[in-house]
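All heavy atoms count here, side chains included; hydrogens, waters and symmetry mates do not.
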Amino acid sequence: MKAYILTVGDEILIGQVTDTNATFMAAALNEAGYEVVEHLSVADSREGIMNGLARALESADVVLMTGGLGPTKDDITKKVLADYFETDLVFHAETWDRLQAFYRQFGREAAPHHREQCELPASATILTNLRGTAPGMWLERDGKVVISMPGVPYEMRKLVRDEALPRLAEYNQDDVLQRSLTILTAGAGESVIAEQIAPVEDSMPEHMSLAYLPDLGTVRLRITTRGTDEARLQAELTDVREQIEAIIGELIYGYGPKNLAQCVGERLLAAGKTVVTAESCTGGMISSMITANAGSSAYFLGGVVSYSNPLKQSLLGVKAATLKKHGAVSEATVREMAEGARKKLGADYAMAASGIAGPDGGTPEKPVGTIWIAVAGPEGTQTQLLQAGKDRKRNIIYTAHQALNLLRRVVKA
């Protein structure tokens with residue numbers, strides 16, 4: 001089945017809010033076997049929503065829609081949906097009871113405008129929102145489905161997982177299946193990987209495809225296959241995966257929706273090892289990527305952001321002579337940062353980064369984007385020179401990924 005993502009909100013159109021909802025829904029739909037044909041954002045207006053619905057239902061069988069379901073006057077989605085599906089708004093007592101209980105748990109009473117949120121399209125199947133006030137709605141016409149959900153990300157995600165996808169699985173009678181596998185790589189660019197695995201891609205049957213999804217320092221490879229036999233689809237995915245592993249196995253750090261820091265953490269946990277960080281140009285980004293994953297306290301002890309040379313000396317033990325002779329951005333300095341952090345913070349491994357993130361501050365000898373990283377461990381210290389670009393944010397994220405990948409290569413699985 002073909003799926004369409006429709007987001008409602010002026011804040012998206014003016015660039016005030018990034019539409020992360022569409023990204024999540026696209027990934028969830030793809031994983032469930034739907035072909036996402038288009039994303040569309042429309043204004044909080046009757047005309048915008050009406051036109052968006054018409055375009056979406058012309059293009060797809062299923063429409064996932066977010067936004068415009070709040071209690072304020074500009075939230076008009078449910079009224080437009082009622083008009084589009086030629087039905088009336090009716091009071092939904094169960095939703096009102098849930099809203100009152102929802103507010104009582106915070107010591108508050110539901111206001112009159114919350115009662116108005118309970119006026120819902122009569123033909124809709126109501127999807128209970130356990131994380132907020134606005135319910136989701138399932139509407140059908142001419143064999144097609146519109147699922148409307150609130151735009152608050154954590155509310156929408158639970159509705160997609162617990163309500164939308166399970167109901168769609170029951171509703172979908174299409175015999176054609178789509179199955180995907182994502183291979184996660186780091187250490188080589190998209191073009192390098194594509195060249196290396198070209199024989200595998202060229203030998204794939206027409207009903208299979210391979211997509212390259214590059215990020216800063218990482219590349220995801222998504223293999224997709226379609227057919228009617230579940231066992232055959234899984235066998236095809238396994239065969240292609242094994243062929244790719246045989247060629248670029250050293251670049252692969254994991255599979256599925258995981259991130260690099262998470263996979264490196266799992267490797268540390270399996271080895272019973274700990275890690276700390278010593279960051280200069282990355283300003284704590286490496287630590288942030290690690291601690292974004294639940295359970296990271298089992299292997300991450302902490303870190304030091306030593307932006308200044310005096311702190312590099314006092315906190316990490318970098319020698320004054322090293323800084324004077326080689327400078328803060330040098331192999332010698334980043335090596336001493338990593339070794340000092342490992343010793344002073346008492347971890348098995350330490351990652352360090354020092355460089356010129358930009359957009360200015362470079363010299364002819366050390367231009368913007370010159371960055372050194374290091375990993376110190378029981379086996380010794382490894383260093384790597386990065387030559388990045390001039391975009392500060394991109395350089396920081398790229399460096400963090402490269403440091404994590406260097407650690408991945410050092411820690412034995």
Thr322 and Thr333 side chains, donor-acceptor separation under 3.5 Å: no

Between Arg408 and Asn405: side-chain donor-acceptor atoms closer than 3.5 Å: yes

Does any N or O in the side chain of Ser148 come within less than 3.5 Å of the main-chain N or O of Met137, such that one atom is a donor and the other an acceptor? no

Are the side chain of Thr185 and the backbone of Val219 linked by a donor-acceptor contact shorter than 3.5 Å? yes

Indicate whether the side chain of Thr224 and that of Ser180 have a donor and an acceptor atom separated by less than 3.5 Å. yes

Under 3.5 Å donor-acceptor, Glu279 side chain and Gly284 backbone: yes

Pairing donors with acceptors under 3.5 angstrom, does anything connect the side chains of Tyr253 and Glu266? no

Does Asn21 use its side chain to pair, donor to acceptor, with the backbone of Gly151 at less than 3.5 Å? yes

Is the side chain of Asp44 donor-acceptor paired with the backbone N or O of Asp10 at a distance under 3.5 Å, no angle test? yes

Scan side-chain atoms only and decide if Thr277 and Ser287 contain a donor-acceptor pair under the 3.5 Å cut-off. yes

Under 3.5 Å, is there a donor-acceptor pair linking the side chains of Gln313 and Asn309? no

For Ala374, is there any backbone N or O sitting under 3.5 Å from a side-chain donor or acceptor partner on Thr383? no

